[in-house]
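Indexing begins at 1, ligand by ligand and atom by atom, following the structure's order.
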Amino acid sequence: MTGERTDAPGRPTTERVRGIFSNIAGQYDSFNRISSLGIDRSWRKELVKAAALTSTSRVLDLCAGTGDVALAVAKQAAPAEVVITDFTPEMLEIAAEKAKSYEGPTKLAIEQADAQDLPFDDESFDAATVAFGVRNLPDRAANFAEVRRVLKPGGRYIILEFSRPTFAPWRGFYHVYLRYVIPAIGGALTGDRPSFQYLNDSIRQFPTQPQLASELRDAGFTAITWKNLTGGVAALHTAVR
Ligand SMILES: C[S@@+](CC[C@H](N)C(=O)[O-])C[C@H]1O[C@@H](n2cnc3c(N)ncnc32)[C@H](O)[C@@H]1O
């Protein structure tokens, strides 16, 4: 990081990221559905499958936002408990409201927490999930170390994140979409176009699939695999503690 500007366009800083999500919390779900044409739901389903949960699993959902991953986990896999965490109270308030309508066997707990400094005991979770969150962390290595600490041996860390399409023409189209269409939709829905410009920049600066796998390996995870979704628009990494 030495010598790099912390205010560069796609670089996450705590203030910038929290400011963005507290501003757009109310419109976040609508933006997701419209901008991804609903595909984000099928990506979250894939994430739940990759977590390989059982009815006794205790799951930590990081950067949970408005709770879509946590609710998908509860509905699809019915583990014993999902702990829903995020550092932006405005996003968690919406998650809490949505969690009220969940009827099922899974206990849903909500806790404000920074994904780089987790307030949980060592070896206390069977799986950790994060969707569209690690890209927003200034210190990914700190997150990886914390997740390793709170996972039980053999526990899985499942990361769903925007990535790099592998087929060049598809990548070209996608980058045009990111650069022009996303800020236009986001700006129209929230009045906060710069936040969606940040989204474009942060996606383009994020590590490629093999680079992220290599960071996870450096952090001590094993059995790292990834699956490209929608031609690599997103990727699902699985890593074992
Ligand atoms: C793009 S949203 C993703 C929300 C949700 N996981 C989903 O799939 O829709 C990113 C979330 O990460 C949260 N976040 C960003 N940095 C964080 C950090 N350091 N600790 C905890 N949450 C963070 C933001 O508040 C925001 O709610």
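One finds no salt bridge joining D68 and R41 here, because no Lys/Arg side-chain nitrogen approaches an Asp/Glu carboxylate oxygen to under 4.0 Å. Salt-bridge check for D29 with K98: passed, with a basic side-chain N closer than 4.0 Å to an acidic carboxylate O. Classification of D122 and R149 as a salt-bridged pair holds, one side-chain N sitting under 4.0 Å from a carboxylate O. Between K100 and E97, at least one side-chain nitrogen of the basic residue sits less than 4.0 Å from a carboxylate oxygen of the acidic one, meeting the salt-bridge criterion.
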Would you mind listing each N/O atom of ligand 1 next to any protein N/O under 3.5 Å, plus the distance?
{"from": "ligand 1", "atom 1": "6 (N)", "to": "C63", "atom 2": "O", "distance (Å)": "2.8"}
{"from": "ligand 1", "atom 1": "6 (N)", "to": "A131", "atom 2": "O", "distance (Å)": "2.9"}
{"from": "ligand 1", "atom 1": "8 (O)", "to": "R44", "atom 2": "NE", "distance (Å)": "3.2"}
{"from": "ligand 1", "atom 1": "8 (O)", "to": "R44", "atom 2": "NH2", "distance (Å)": "2.9"}
{"from": "ligand 1", "atom 1": "9 (O)", "to": "Y28", "atom 2": "OH", "distance (Å)": "2.8"}
{"from": "ligand 1", "atom 1": "9 (O)", "to": "R44", "atom 2": "NH2", "distance (Å)": "2.8"}
{"from": "ligand 1", "atom 1": "19 (N)", "to": "D114", "atom 2": "OD1", "distance (Å)": "3.0"}
{"from": "ligand 1", "atom 1": "20 (N)", "to": "A115", "atom 2": "N", "distance (Å)": "2.9"}
{"from": "ligand 1", "atom 1": "22 (N)", "to": "F87", "atom 2": "N", "distance (Å)": "3.2"}
{"from": "ligand 1", "atom 1": "25 (O)", "to": "D86", "atom 2": "OD1", "distance (Å)": "2.6"}
{"from": "ligand 1", "atom 1": "25 (O)", "to": "T88", "atom 2": "OG1", "distance (Å)": "2.6"}
{"from": "ligand 1", "atom 1": "27 (O)", "to": "D86", "atom 2": "OD1", "distance (Å)": "3.4"}
{"from": "ligand 1", "atom 1": "27 (O)", "to": "D86", "atom 2": "OD2", "distance (Å)": "2.7"}

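Residues W43 and T230 bring a donor and an acceptor atom of their side chains to less than 3.5 Å of each other.
Note: F206 and F162 fail the aromatic proximity criterion, with ring centroids not under 6.0 Å apart.
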